[in-house]
Amino acid sequence: MENFLYTLIIPVILFFTFVFTGLFGNKFKPAVSGIICTASVLISAVISYWTAYQYYFIHGKVNGVYQIINVYKFEWLKFNETLSIDLGILLDPISVMMMVVITTVSLMVHIYSIGYMKGDSGYSRYFSFLSLFTFAMLGLVLSVNIFMTYMFWELVGISSYLLIGHYYNKPSAVSASKKAFIVTRFADLGFLIGILLLSAFAGTFDFNELTNPDGNAILQSASVTFMGLSAITWALILIFIGCAGKSAMFPLHIWLPDAMEGPTPVSALIHAATMVVAGVYLIARLFPLYVFTSPAALEVVAHVGAFTSLFAAIIACTQTDIKRVLAFSTISQIGYMMVSLGVSGYGAEEGLGYMASMFHLFTHAMFKALLFLGAGSIIHAIHTNEIYTMGNLRKYMPVTHITFLIACLAIAGIPPLSGFFSKDEILVAVIEKNIFLFGVQYLVAGITAFYMFRLYFSVFWNKDKKYEHDPHESPNVMLFVLIFLAACSALAGLIPFSQFVSSNGVPFSTQIHMNIAIPTIGIAVAGIILAFVLYKKESVSPDKIKNSLGLLYRSAYRKFYIDEVYIFVTKKIIFNLISVPVAWFDRHVVDNTMNGIAYTTNFVSEKIKYMQSGQLQQYAFIMVAGMILIFLLTLYLIIV
Amino acid sequence: MRHEIMLIIAAVIILIIELSTGKDNKSMMIPAAVILFSLVTFIGFLPIETGKLFGGSYNTSDMIILMKNSLNIGVLIVIIQSAGWLKHSFENFDNSGGYFFIIISSLIGMDFMISSGDFLMFYIGLELTTIPIAALAAIEKMKRRSSEAGIKLILSAALSSGILLFGISILYATNGSLFFSSLSSDNMNSSLQLLAFIFVFTGVAFKISLVPFHLWTADVYEGAPVNVSSFLSSISKASAIFILIILLFTVFNSLISVWNTVLYFTAVITMTIGNLFAMRQQNMKRFLAFSSIAQAGFIPLGIIGGTQFGISAVIYFLLIYIFSNLGAFGVVSAISNASGKENMDEYNGLYKTNPKLSLVMMLSLFSLAGIPPVAGFFGKFFLFTAAAVQGYYILVFIAVVNATISLYYYLLVVKAMFINNSDSPIEYIKNDNYTKAGLLICVLGIIIIGFAGIIFEFIESASTGI
Amino acid sequence: MESGVSIQHFMVLSTLMFFIGVYGFLTRKNLITILLSVELILNSVNINFVAFNKFLYPENLGGHFFAMFVIAVAATEVSVAIAIIISLYRKLKMIDVENVNEMKY
Amino acid sequence: MSETVFYILSGFILVFSILTVTSRKILRTAVYLLFVLLGTCGIYFAMDFNFLAAVQLTVYAGGIVVIIIFSIMLTSDLQDKLEAVQFRKIFFSLLAVLIGAVVCISTILNHNFPQVTDKVLDSSMRTIGLRLLSYNEGGFVLPFEIISILLLAAIIGSIMIAKRADSK
């Protein structure tokens, strides 16, 4: 078998880049750090393409099955004979795929940032953290051991914290970075405890053993039960909580929209393509364990995913900040991936959902990164995020416009763009298992098309708005990235993904299911048309509806009568009665619960500060009283 | 006994140097102390016989030697780091001989304390660790806070040792012996013995600053010179934890169910209170004081249940804690000596002017916070595992939640250094070689202990002796 | 033992003295008087040790020596504490414990 | 020791202990402490611990109390009375102390102490001297040596703090 040892270079080079630019970045011109970091990502991207080529086409398949290859494994800390923490690199279809996605998107973001961050005071720091993040993310996907995953998982969290907080002079950015970190950390609690449980019952941290369907881990672990569910189910649900935190599943999603305060390329990298899908990736990584030992945990995954995708899609319709729309759209799309994993079985065709989920992860990374970078290009041009202050930008920014349109079509699921294929596979997989979830996902597909085109029309069409200075197209270095990603988004769907990725490594083939595809396209087109009607044509702009409603009898003579009733239903009833309350619920109830916890902690700490009064005698009093209390307590406990 | 003898020789040599050099010729004191102590530390690692001396008043085992060596390394770092502070003012410099003598004699006290086989040795060792240090805490005559710290330390230590003594006297009354070995064979079941245990526990918990015996900690650390605070918070605390383990596992092993309960509750409140206070501190020394209280709250997780794995976890944790805490204090000390600034908001923008100092600080804080893959994470992780194996799931859960909360305030400092901007950040600090060396040892310690799995295995094999 | 004085008598005496000392520690205002309270505490412990040695375990001199060492340690404690108090007095011109509270919260 | 002697001595000790912690004349408190120490000394004598009683007299009563009196004279105006203590402080302290004392004493009284052995206590100077320099079990040469380090360190520390800063 081919020796893949050279893959070690991919993370290592990034790590050294980080250390180098972190320590010496202030010694030379900022541009130098940018170039060093970009070059090292380029190198790792090239190596990972080469690895992917070698793996998928030459050495990876043995007897028609993709192998799991431990390229390198080093026993680090040993607990006992079976339980140890290892470091190493694991190659299998999904890790190679993720490696390609991460290096590609990261490379694009690096190049883009050269233009976008020009003149920023923290230029070299920014690039060194980008390298750190990319390193951590690669470490996460390539790890051989769930413990190693956890470590990189935390490292990813820290580096994203540092990146989101980049604009330190904006208080909102600082509080957002804190929130992102704290929410995900609390979710990671679940992850850590889940790992502890898993290791206790399965007796290993190693992915090879954990996910081997015939291995001891799966066979042994189902027996112990705790509060009605098997212990392994608890462990897997706890791990899912960790995943939900990283992947912004309800109700742990609250950090993601706020995290949009960071620089836009960071949003593209972290909050669209890589970090937020880590949760999906981890569940896929542990997939055999979920399928064989705990269908209940998978049910949880599917339902949380479905609910989140609907919830976030509805909220996305009400947002007016371009990045927040994209943020909610990301949450919604990750929900899609979760649903798909949740309904999947194990095997080649059985595991269609697994494949579809990974496929969607792949295409989503491309078009969502494109959307974010396009949004960044717009923000770069007019220095605002509010879509109501934008309009008719297609005139000023033709390249951005076209690429953005491609991305919107892709996410809406219009053939032959990439999103269509992956979404179609997901819907096929879901309808086979659960008709209710299918209904939800089908609806979400329509809403997705609607809010994306609402965004698109408001920004690029509509009337010219007053701009402080004329919007201009972005520098070439940024446009290159947009065009490259647009090409990827357009063509990625044509990859026969099932030939490469499946739950048990056996390639299979899929085809388009017309009976699903056509209604899906239909609802997507309906969504686009609705958005077109509402936001493109000035004649029925939402403002006008108000007037016309007061004069219903006159409208009866109008041609637009049907239109307006329709608009009344959608706009007044659906929008005001569903979307707005859902968004309100999200803003106030979910958010405030989290804020409330923080507030309570602060409050308590303020109240007890008088314990530390600086008075020696009070200290002594507390000491003596505490001692007597402890004695009485133990005495009581012994007598009882 | 070699550790103690070497230390006594070192202390005497320092006194001789102090007496034989004139007032204007003290510059050799610091290098002499550093070289001398490095030698002592090195000799401590040479193989040595274990056993009992003085009719059982003095014990050594592999684990005790390991503990002594850890303390030696910690003190070596403190001595190296002190150079900056001693050079800072003429008055400090004038005191450097006495300063080193007291630090070393305090370490002698700790060594005798953890080697002690009876309560008399234990008591004298304990006093030897505290009383001279109180004098050091008050050494900065120009600062009111320094004297306040000294008086608070010595008076509350006096009270706590009074309580401890009362407990020891009751133990003596009920068992008739002061030797750990003969006490441990007694089955303690009367409530008077329970009372004695609580009194003795209070005395030791005071040194570890477990809540509710912790209140002196923050005030003393804030007022005392930084290096004295770091000595107190790392070395002194670690030695007290070692002796607590020894006491619990020998003298009080028949009360295991009692001390499990006591440790359970103190662990929970210590972590929580430490965290709640640490969150709102502005002064870095005070902040680190509360963080060290919170850290101490994790230690009972390893002791509870009384397993050998737990003990190894505690020692491992302490070793990492010594390095991380001294790293953080070292940075605070370097900054305080150079600019006199000790407040968190004065650290804003430190990364821009002093990237290396801020990176060392970040590493140390991450290690204290327990963020993987820094060593501190494994220290905490093993503690959690030790408690989880014993079935203390709720305790582990509370501990994990507290570890998460602690992350919040450690990140506040990291944020101040890396993210916040400042109009007048602390200017570039040109550190002397001592400071650099001290910080380098800490960083190496944090990294090596975290990444060399063999160290934990070594500790595990050594801790069979208890 | 010659008469009806039992070990409990001594323990009650020393416990009372101990807690009187604690009370003094908690209430006295002057730092030196707090120090005196500490001496009371240590003295009560000494009574304990000596009485136990005499009445319960006369075969060795453990308690007796312990008391001796406690006296010696008390002397060092007092000397350091007095030194600190005097240095504090030089700065503040008073030694009231309630004013020793510059650091708090 | 006869019962009468014990009661007289302990009454003496307790009364002066209470006076030590309550008197508002600062010099008097030191004198009251001296009385307490003398009373304790009497107990030691009554129990045949002559050497310890002598140590108590010389070190405690002679040394410690004298240094305390010196420092009182250095730091306080002897005419002044100490300020009265706030009622709240007295109340809570008294409460804690009373509860503590009651709990401890009741525990002590409930305990069955081992039977008194008929072995005779040998507290002659010769035995004490031999024990102090013996390094076998029951010997105290090691603590004896260590306490010398403690004394030295304490003296050095005290000198460092208490000496006046050179005005250079």
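Within every chain, numbering begins at 1; the chains are lettered A, B, ... in the order of the sequence lines, protein sequences first and strands thereafter. Just so it is clear, the structure is predicted and the values come from calculations on it, not from any experiment.
- Among the candidates Leu14(D), Val59(D), Ile13(D), the residue making the largest number of heavy-atom pairs closer than 4.5 Å to chain C is Leu14(D).
- In terms of heavy-atom pairs under 4.5 angstrom with chain D, the leader among Ile85(C), Thr76(C), Val78(C) is Thr76(C).
- Aromatic ring centres of Phe55(C) and Phe10(C) lie closer together than 6.0 Å.
- Interface remark: Phe70(D) contributes no atoms to any contact with chain C (heavy atom separation under 4.5 Å).
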Can you list, pair by pair, the side-chain donor-acceptor contacts under 3.5 Å of residues 91-102 of chain D, counting residues two or more places apart and other chains?
{"unit_1": "Ser93(D)", "atom_1": "OG", "unit_2": "Lys89(D)", "atom_2": "O", "d": "2.6"}

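- Proximity to chain D (any heavy atom under 4.5 Å) is shown, for Ser79(C), by both the backbone and the side chain.
- Close approach to chain C, defined as a heavy atom under 4.5 Å from one of its heavy atoms, is seen in Ala30(D), Leu33(D), Val36(D), Leu37(D) of residues 30-37 of chain D, taken by number.
- At distances below 3.5 Å, not a single donor-acceptor pair connects side-chain atoms of His111(D) with backbone N or O atoms of Ile108(D).
- Phe49(C) contributes atom CZ, which lies 14.0 Å from atom CZ of Phe65(C) (distance to the nearest 0.5 angstrom).
- Side-chain atoms of Ser23(D) do not come within 3.5 Å of backbone N or O of Leu19(D) as any donor-acceptor pair.
- Interface remark: Ile155(D) contributes no atoms to any contact with chain C (heavy atom separation under 4.5 Å).
- Interface check for chain D: of the options Thr27(C), Val22(C), Leu26(C), Asn43(C), the most heavy-atom pairs under 4.5 Å are formed by Asn43(C).
- The shortest side-chain heavy-atom distance between Ser87(C) and Lys91(C) falls under the 4.5 Å cut-off.
- Taking Ile71(C), Leu16(C), Thr15(C), Ile86(C) one by one and counting their heavy-atom pairs under 4.5 Å with chain D, the maximum is reached by Ile71(C).
- If you look at Tyr44(D) and Phe51(D), their ring centroids are not closer than 6.0 Å.
- When Leu52(D), Leu151(D), Thr29(D) are compared by the number of non-hydrogen pairs under 4.5 Å with chain C, Leu52(D) comes out ahead.
- Most heavy-atom pairs under 4.5 Å with chain C: of the set Thr127(D), Val55(D), Ile72(D), this distinction falls to Ile72(D).
- The two atoms that bring Gln56(D) and Cys41(D) nearest to each other are CG-CB, 4.0 Å, heavy atoms only.
- At distances below 3.5 Å, not a single donor-acceptor pair connects side-chain atoms of Arg28(C) with backbone N or O atoms of Leu35(C).
- For the set Ile82(C), Leu31(C), Leu61(C), the entry with the most heavy-atom pairs within less than 4.5 Å of chain D is Leu61(C).
- Interface remark: Ile147(D) contributes side-chain atoms only to the contact with chain C (heavy atom separation under 4.5 Å).
- Only the backbone of Ala84(D) comes within less than 4.5 Å of a heavy atom in chain C; its side chain stays farther off.
- Taking the side chain as every heavy atom from C-beta outward, Val50(C) and His64(C) never approach each other to under 4.5 Å.
- For Phe16(D) and Phe12(D), the distance between ring centers is under 6.0 angstrom.
- Residue with the most contacts toward chain D among Phe25(C), Phe18(C), Phe19(C): Phe19(C) (heavy-atom pairs, distance under 4.5 Å).
- Here the closest heavy-atom approach between residue Leu9(D) and residue Gly39(D) is recorded as CD2-O, 3.8 Å.
- Listed in order of number, the residues of residues 60-67 of chain D that approach chain C to under 4.5 Å between heavy atoms are Tyr60(D), Ile64(D), Ile67(D).
- Applying the side chain to side chain donor-acceptor pair (under 3.5 Å) test to Asn53(C) and every residue at least two apart in sequence or in another chain returns nothing.
- When heavy atoms are compared at a cutoff of 4.5 Å, Phe49(D) approaches chain C solely by way of its side chain, counted from C-beta outward.
- No part of Ala81(C) comes within reach of chain D, as not one of its non-hydrogen atoms sits under 4.5 angstrom from that chain.
- In terms of modelled atom types and a separation under 3.5 Å, the side chain of Lys29(C) and the main chain of Asp96(C) share no donor-acceptor contact.
- At a threshold of 4.5 Å between non-hydrogen side-chain atoms, the residues Ile43(D) and Leu13(C) count as touching.
- Side-chain atoms of Phe144(D) and Phe69(C), non-hydrogen and from C-beta on, do get closer than 4.5 Å to each other.
- Top candidate by heavy-atom pairs under 4.5 Å with chain D, chosen from Asn46(C), Ile84(C), Val73(C), is Asn46(C).
- Residues Ser71(D) and Ile32(C) have side chains in contact (heavy-atom distance under 4.5 Å, counting atoms from C-beta outward).
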